[in-house]
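Following: one structure in structure tokens, then a few remarks.
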Amino acid sequence: MKACIFGASGYTGAELVKILHKHPKFELVNCYVSEGSADKNKRISDLHAFLDLSCNHILQGVGEADLAEIATQHDAIFLALPHEVSHHWAAKLLNTNTLNTNTKVFDLSGAYRISDLAVFENAYAFPNAYPTLADKAVYGLAEWNYEAISNAQLVAVPGCYPTASLTALKPIVDSAFLADNCIPVINATSGVSGAGRKASMTTSFYEVSLCAYGVLNHRHMPEIEEHARTQVIFTPHLGAFKRGILATTTMFLKEGISETDVANAYTNAYARSNIVRLRNSWPKVDEVANTPYCDVYWKFDPTKRCLVVCTAIDNLLKGAASQAVQCANLAFNLPDDAGLL
Ligand SMILES: NC(=O)C1=CN([C@@H]2O[C@H](COP(=O)(O)OP(=O)(O)OC[C@H]3O[C@@H](n4cnc5c(N)ncnc54)[C@H](OP(=O)(O)O)[C@@H]3O)[C@@H](O)[C@H]2O)C=CC1
Ligand SMILES: CC(=O)N[C@@H](CCC(=O)OP(=O)(O)O)C(=O)O
């Protein structure tokens, strides 16, 4: 299957290049940046020296006028672009007049993750101009949506914090174990690569120090709430490390739920997955950095009825690029972990 990446010079784009270059079934044929990009015409392995030298794709500058033709040339199209750009470009690429019947788009941005368009506009500060497409987009939380992803033409790959948070929340919420009136509390810390490659004051080396941000108004809170089907209190933090997220989710469970019930909920939910790993000790970001895994560990106090769950992922991989490839694998009838482990 022929694949291409838009935004290949960015942090998640480069991780996609690394995975697809070695993937047994996808052939990476084109890597794109914007028409005016400072990185246009550079070799991707010169820009990101962690890539194999054999990965010698030249970054091609493209604009909206090129999309119709590009859509006919690829089976799998990965968008590692800013939200506003993905929002328009996914719609252009999926124009039914130009689309190969089998072409599928995997959008790493937040443009199509929230189905309620008023909630979306409030979180992203721009309206979704393509409600029909938004309606068709499938949320790519791989372990929870195998079948819908297999049949999707547009997959909205989840955000990094929502991936870590939902992996902890969903086994409990879907089992109806959450105590009445309990609003789960999620505190999560991300490395600076979560903010992307473009230089900014907040991610500059001298400025970064462990700190909360986006308190009670981060755009990932409504994304988590929609897909967990519960309200949450989500507080992100920026940590002084490069990659990884540790999310700690605290919730109260209904009376009568036992430690075994909790263990069964997680074991059953992730029995099929080689990517979500139920651990025997508290996960660390360094143990998942540069891997596609999501590590999970919990402790339940039946007397207090309090459950604390820690999940750890690499924000650039399970939080973005490797989950996008998990979705592409499913969409092309491959095992979800093909080319990832
Ligand atoms: N970083 C992370 O941990 C995660 C990121 N995401 C999402 O994935 C997407 C990519 O993120 P990330 O890789 O971090 O971002 P980066 O800032 O590192 O990369 C963005 C890429 O988009 C390209 N780009 C920027 N503006 C335009 C434009 N107008 N037209 C075409 N291309 C453009 C850039 O190249 P150039 O400007 O040179 O053209 C670059 O290749 C974002 O939507 C982000 O929200 C999702 C989950 C986790
Ligand atoms: C540390 C940091 O800045 N993280 C980013 C989240 C990155 C992510 O998941 O991206 P989406 O934008 O695709 O949702 C943030 O808080 O905005």
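Numbering starts at 1 and runs along the sequence shown. In listed order, ligands and their atoms are each counted from 1. Predicted, not measured: the structure shown is a model, and the values here were computed from it.
The protein non-hydrogen atom at the shortest distance from atom 2 (C) of ligand 2 is Tyr213 OH, 3.3 Å. Residue, atom and distance of the protein heavy atom nearest to atom 17 (O) of ligand 2 are Arg219 NH2, 3.0 Å. Of the protein's non-hydrogen atoms, Cys160 SG, 3.2 Å is the one closest to atom 8 (C) of ligand 2.
A salt bridge links Lys318 with Glu143: the distance from a Lys NZ or Arg NE/NH1/NH2 to an Asp or Glu carboxylate oxygen falls below 4.0 Å.
Heavy-atom minimum distance, Ala320 versus Thr12: CB-CG2, 3.6 Å.
For the pair Arg305 and Phe252, the cation-pi criterion (under 6.0 Å, within 45° of the ring axis) is not fulfilled.
For the pair Trp144 and His227, the minimum side-chain heavy-atom distance is 4.5 Å or more. Considering only heavy atoms from C-beta on, Tyr139 stays 4.5 Å or farther from Glu226 through its side chain. Looking at heavy atoms from C-beta onward, Met251 lies in side-chain contact with Leu178 at the 4.5 angstrom threshold. Considering only heavy atoms from C-beta on, Phe120 stays 4.5 Å or farther from Glu223 through its side chain.
No heavy atom of Glu223 sits closer than 4.0 Å to any atom of ligand 2. Close to ligand 2: Leu108, with a non-hydrogen atom less than 4.0 angstrom away. The closest approach between a heavy atom of Gly191 and any atom of ligand 2 is below 4.0 Å.
Ligand 2 has no N or O atom lying under 3.5 Å from any N or O atom of Ser190, backbone or side chain. For ligand 2, the polar-atom distance check against His220 finds a nitrogen or oxygen pair separated by under 3.5 Å.
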Would you be so kind as to tabulate the donor-acceptor pairs closer than 3.5 Å made by side chains of residues 229-245, with sequence neighbours excluded?
unit_1	atom_1	unit_2	atom_2	d
His237	ND1	Ala188	O	3.1
His237	ND1	Thr235	O	3.2
Arg243	NE	Asp314	OD2	2.7
Arg243	NH1	Glu15	OE2	3.0
Arg243	NH1	Asn290	OD1	3.4
Arg243	NH2	Glu15	OE2	3.2
Arg243	NH2	Asp314	OD2	2.9

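Close approach to Gly159 involves these atoms of ligand 2, each under 4.0 Å from a residue heavy atom: 9 (O). Counting atoms of ligand 2 from 1 in the listed order, those under 4.0 Å from a heavy atom of Leu238 are 1 (C). Those atoms of ligand 2 with a heavy atom of His218 less than 4.0 angstrom away are 15 (C), 16 (O), 17 (O). Heavy-atom proximity to His83, at under 4.0 Å, picks out these atoms of ligand 2: 11 (P), 12 (O), 13 (O).
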Residues Asn315, Ser193; criterion side chain to side chain donor-acceptor pair (under 3.5 Å); working and verdict: CA-CA 8 Å; Asn315 54 296; Ser193 58; 3.0 Å; yes

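Sorted by chain and number, the residues within 4.0 Å of ligand 1 by heavy atom are Gly7, Ala8, Ser9, Gly10, Tyr11, Thr12, Val33, Ser34, Ser37, Ala80, Leu81, Pro82, His83, Val85, Trp89, Leu108, Ser109, Arg113, Cys160, Ser193, Gly194, Gly196, Arg197, Asn315, Leu316, Gly319, Ala320.
When Ser193, Ala164, Gly194 are checked for heavy-atom proximity to atom 7 (C) of ligand 2, Gly194 turns out nearest.
The aromatic rings of Tyr130 and His87 are tilted relative to each other, their planes meeting at an angle between 30° and 60°.
For Arg113, every heavy-atom contact with ligand 2 shorter than 4.0 Å involves the side chain, none the backbone.
Judged by distance alone, the side chains of Asp336 and Asn329 never bring a donor and an acceptor atom under 3.5 Å apart.
Using modelled atom types, no side-chain atom of His74 and backbone atom of Lys2 make a donor-acceptor pair closer than 3.5 Å. A donor-acceptor pair is defined here as one N or O able to donate and one able to accept, closer than 3.5 Å; such a pair exists between the side chain of Asp116 and the backbone of Val119.
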